[in-house]
Amino acid sequence: MPELPEVETIVEQLKKRILGKNVVKVEVLDSIVDKPISKLTPFRIKNIYRRAKTLVFELDNGRYLFVHLRMTGHFHYLTAQQVASDKEKLVKVHRFLAAKFYFEDDGLLTYNDIRRFGFVKLFDKKQLEKELAKLGPEPLSEEFTLKMFIEMLSKKKNSVIKTLLMDQHFLAGLGNIYAQEVLYLAGIMPLRRTGTLSLEEIKELHRHIKELLELAIKHKGSTVDNYAHVDGSGNFQNYLVVYGRDKCPKGHVLKKIEIGGRGTSYCSECQK
DNA sequence: TGATATGTTATCTT
DNA sequence: CAAGATAACATATC
């Protein structure tokens, strides 16, 4: 599932391919993509960036595409050459095609989404700012200091730490995979209430959040289930220590419980 | 066949 | 009010 490192990877790859390019035609094939987008052409892709697990495409007409992949949203890009040679394959592969963006140079960007939970919305600046304002701080930003993290936690003393880490309004970008990983690395039981965390534990957690996400981005994210980025797959799943595993790196058998309706693995030896 | 997996949000419950 | 639980959404895969 795309969490922060996966979305960051997708943004980097999209930038390489379509930044500054002109879109001459858009076909909207599914209601998860705002229909009016097809009436905006031509427009230029002025910028692309990530906020939490959301992608934002800044267009040169003052509007924005606000994209959330949720669990199974995918972008796929074909160069003009690939479009010419892969036409049949393209139709077959994209069974859940939701939109096609045709570029001036004959390149083609497609958006498809098997479970149709994701969306592509058309926003003006006000709508965009309103949506982005709801999200918590970016864990990799300078702004997210230890001091700030301590303050944030002190306002949520009764929350279960794992649930809180996954709450996008609290902190942006962590999902079920990286929340579990970071808690293992920091040696903290997922069910702990934030009010019971020592200063030392908060420090460890803060440090590992930044380190883990940066490392995962270096590996172009994790490929689990059917996540894939624009041109292939990341390999960070090979480095995950608790998610989808039976034993922790020290060989202890992991326990599996449910927190907030989501599977959660942890090690009762290493996490207290 | 049915359990499981997933991100987010609305709604119900404690 | 706070916050947890649950359902809902869709579909593939085991």
Side-chain angles (χ1 to χ4, degrees), chain A residues 1-11 29-34 50-56 66-75 92-99 111-121 123 127-128 130-136 138-139 152-183 189-197 213 216 221-229 233-234 236-237 240 242-246 254-266:
Chain A
M1 311 300 115
E3 298 180 25
L4 189 151
E6 290 77 32
V7 178
E8 182 70 26
T9 302
I10 291 168
V11 166
L29 307 165
D30 189 308
S31 59
I32 61 176
V33 178
D34 277 354
R50 177 195 61 75
R51 174 81 171 93
K53 302 173 192 169
T54 304
L55 296 101
V56 179
F66 185 75
V67 182
H68 201 304
L69 305 169
R70 290 288 172 95
M71 284 137 17
T72 54
H74 287 263
F75 279 109
K92 277 184 199 163
V93 168
H94 293 83
R95 272 179 60 209
F96 297 93
L97 205 52
Y111 176 68
N112 68 65
D113 192 339
I114 295 174
R115 289 178 212 173
R116 304 180 60 246
F117 280 11
F119 54 75
V120 180
K121 290 182 189 299
F123 279 171
Q127 290 169 305
L128 179 75
K130 198 180 153 198
E131 283 304 313
L132 296 185
K134 293 180 187 172
L135 298 165
E138 283 292 326
M152 286 160 63
L153 289 171
S154 69
K155 288 177 195 156
K156 294 278 185 181
K157 284 193 191 309
N158 280 320
S159 300
V160 170
I161 185 63
K162 190 211 170 201
T163 309
L164 195 58
L165 289 178
M166 288 173 63
D167 182 349
Q168 302 302 299
H169 308 293
F170 177 76
L171 181 64
L174 293 185
N176 199 30
I177 297 173
Y178 293 102
Q180 289 173 59
E181 292 296 310
V182 107
L183 286 169
M189 283 270 292
L191 280 171
R192 286 276 294 280
R193 304 273 159 174
T194 57
T196 71
L197 297 176
L213 292 176
S222 306
T223 306
V224 296
D225 204 3
N226 51 21
Y227 159 78
H229 42 73
S233 310
F236 196 66
Q237 70 279 6
L240 299 177
V242 283
Y243 181 85
R245 303 216 173 262
D246 301 324
L254 296 173
K255 297 224 161 61
K256 189 160 184 186
I257 54 172
E258 209 176 84
I259 301 177
R262 293 292 171 253
T264 306
S265 296
Y266 69 95

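Letters go in sequence order (proteins before strands), and every chain restarts at 1.
Here Phe117(A) counts as stacked on dC9(C): its ring centre is under 5.5 angstrom from the base ring centre and the planes meet at under 30°.
In this structure, Leu164(A) atom CG and dG4(C) atom P are separated by 8 Å, rounded to whole Å. Rounded to whole Å, atom P of dT8(B) lies 10 Å from atom CE of Met71(A). Straight-line distance from the NZ atom of Lys157(A) to the P atom of dA2(C): 16 Å, rounded to whole Å. The distance between atom NZ of Lys121(A) and atom C1' of dT9(B), rounded to the nearest whole Å, is 12 Å. Separating the CD atom of Glu6(A) from the P atom of dG7(B) is a distance of 10 Å, rounded to the nearest angstrom. In this structure, Ile259(A) places its CD1 atom 17 Å from P of dT8(B), rounding to the nearest Å. Ile114(A) places its CD1 atom 7 Å from the P atom of dT13(C), with the value rounded to the nearest Å. Atom CG in Asp167(A) sits about 11 Å away from atom C1' in dT9(B), given to the nearest Å.
Nearest to the side-chain atoms of Arg70(A) among the listed nucleotides dT11(C), dT9(B), dG4(C) stands dT9(B). Between dA5(B), dG4(C), dG7(B), one nucleotide has an atom nearer to the side chain of Arg193(A) than all others, and that is dG4(C). Comparing dA12(C), dT8(B), dA3(C) by their nearest atom to the side chain of Lys53(A) picks out dT8(B).
The minimum heavy-atom distance linking Tyr243(A) with Glu181(A) is given by the pair N-OE2, 2.8 Å. In terms of heavy atoms, Phe66(A) sits closest to Leu132(A) at CE1-CD2, 3.9 Å. When all heavy atoms of Lys53(A) and Val7(A) are compared, the pair lying nearest together is O-CG2, 3.6 Å.
Within 4.0 Å of Lys256(A), counting heavy atoms only, lie sugar-phosphate atoms of the nucleic acid but no base atom.
Residues forming a side-chain contact (heavy atoms from CB on, under 4.5 Å) with Ile257(A) (at least two apart in sequence, or on another chain): Leu191(A), Ile259(A), Thr264(A), Tyr266(A).
The phosphate of dT9(B) has OP1 or OP2 within less than 4.0 Å of a side-chain N or O from His169(A). The phosphate of dG7(B) (OP1 or OP2) has no side-chain N or O of His68(A) nearer than 4.0 angstrom. For Asn176(A), a side-chain nitrogen or oxygen approaches OP1 or OP2 of dT6(B) to under 4.0 Å. At least one side-chain nitrogen or oxygen of Gln168(A) sits closer than 4.0 Å to the OP1 or OP2 atom of dT8(B). Between Tyr243(A) and the phosphate of dT6(B), there is a side-chain N or O to OP1/OP2 separation shorter than 4.0 Å.
Between Ser159(A) and Arg262(A), the residue anchored closer to the 5' end of DNA chain C is Ser159(A), taking for each the nucleotide with the nearest heavy atom. Mapping Arg116(A) and Thr163(A) onto DNA chain C via the closest heavy atom, the residue that lands nearer the 5' end is Thr163(A).
A cation-pi arrangement is present between Lys121(A) and Phe119(A), with the terminal nitrogen or guanidinium carbon under 6.0 Å from the aromatic centre and inside a 45° cone about the axis.
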